[in-house]
Amino acid sequence: MSQASIKNQWPALFAVVLLVTAFNLQNKPTVYIIGDSTVRNTAKGQAGWGSSLINFLDSNRISVSNQAMAGRSTRTFIKEGRWDKVLYTLKPGDFVLMQFGHNEGSKPDTNRAGYRGVLKGITDSTVTLTWKDGTKETILTYGAYLRKFIRDAKAKGATPIVLSMIPRNEFRDGKVMRADKDYGKWAREAAELEGVPFIDLNQITAGKYDAMGPDKVKELFSGDHTHTNEAGARINAVSVAEGIKMQKTLDLGKYIR
């Protein structure tokens, strides 16, 4: 083919390249992340791991949508319509990473102290609250809320992945305290009940903290024992990527860089 012929065909070839690129961008899978401030945080000096995860994924082949929101529990993430917003755009082939547990601990109530609280465990137990305007709200267990996320995501053809909450900067006898007797345990059990992948983020990062020691770990947090800074968020993002790779049957692993 002569140079003149190539030159004449270049505009058409360029248009084809643009169309193929646009098609791939539109149809590539998305990783949706839902959770609390340890996943997405805009406060000064603080950062959540969800904002760092894209650094460990092939962004040419997969997108990340971090829909986590500071201060939310499983209960309020649903109640405020944030989960419905994710479901609206969720499509077959997408993934949903869910990590909650830091804001669920208060006794469920309609006051400021308890408006985020959920029932403990994974059973189908409920309690009904009545707000001042007369409206009623049925409160579920932590595990039941997680199972709702899981089932809704499955119904849209997406792959739900449950994560245990990141460890806090709390040491006892030289080791970071684990969440394997409450929210981490219930997260695992909810995932097992629904037959979906579980990543023990709490354990993976805690192992790193144990090796670092209290003084070094303290440098990863911003003013309290829960919220990480950028460096701390990156360590948790690495742990998430490692956890994904550990799931040998999880397609998301092929997008890890």
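Computed from heavy atoms alone, side chains included, the values below leave out hydrogens, waters and symmetry copies. Just so you know, residue 1 is the first one in the sequence shown, and it goes up from there.
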Q) Does any pair with a residue in residues 179-191 pass side-chain hydrogen bond (donor to acceptor under 3.5 Å, both in side chains), and if so which ones, sequence neighbours excluded? A)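 For residues 179-191: Lys185-Glu189, Arg188-Asp200.
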Salt bridge (Lys or Arg N to Asp or Glu O under 4.0 Å) pairs, two or more places apart, involving [range]:
| range | value |
| --- | --- |
| residues 68-85 | Arg72-Glu80, Arg75-Glu137, Lys79-Glu137, Glu80-Arg82 |
| residues 224-233 | none |
| residues 242-257 | Lys208-Glu242 |
| residues 104-118 | none |

Please list, chain by chain and in numerical order, all residues satisfying side-chain hydrogen bond (donor to acceptor under 3.5 Å, both in side chains) with [X], sequence neighbours excluded.
| X | answer |
| --- | --- |
| Asp152 | Trp83, Lys148 |
| Tyr32 | Thr89 |
| Thr138 | none |
| Lys136 | Thr130 |

Q.
If only side-chain N and O atoms count, and only distance matters, is there a donor-acceptor pair under 3.5 Å linking Ser37 with His227?
A. yes
(Q) Do Ser52 and Arg234 pair up side chain to side chain, a donor and an acceptor below 3.5 Å, judged on atom types alone? (A)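 Arg234 and Ser52 do not have a side-chain donor-acceptor pair below 3.5 Å.
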Quick one: does any side-chain atom of [X] pair with a main-chain N or O of [Y] as donor and acceptor, under 3.5 Å?
| X | Y | answer |
| --- | --- | --- |
| Asn202 | Ala179 | yes |
| Thr228 | Ala47 | yes |
| Thr76 | Ser73 | yes |

Q.
Let me check something: do Phe56 and Leu201 share a hydrophobic cluster, defined by ILVMFWY side-chain heavy atoms less than 4.5 Å apart, either directly or through other members?
A. no
Q. What residues form a salt bridge (Lys or Arg N to Asp or Glu O under 4.0 Å) with Arg178, not counting sequence neighbours?
A. Asp210
**Q.** Asp94: partners by salt bridge (Lys or Arg N to Asp or Glu O under 4.0 Å), with sequence neighbours left out
**A.** Lys91
Q.
Under the criterion side chain to side chain donor-acceptor pair (under 3.5 Å), I'd like the reasoning laid out for Gln99 against Thr38: C-alpha separation, chi angles, the key distance, then a yes or no.
A. CA-CA 9 Å; Gln99 185 237 274; Thr38 63; 3.0 Å; yes
(Q) Within the 4.5 Å heavy-atom criterion, are Tyr142 and Leu140 side-chain neighbours or not? (A) no
Q: Linking directly or through intermediates, with side-chain heavy atoms under 4.5 Å: list the remaining ILVMFWY members grouped with Met69, chain and number order.
A: none
Q) Counting heavy atoms not belonging to Asp133, are there more than 12 under 6.0 Å from its CG? A)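 Result for CG/Asp133: enclosed.
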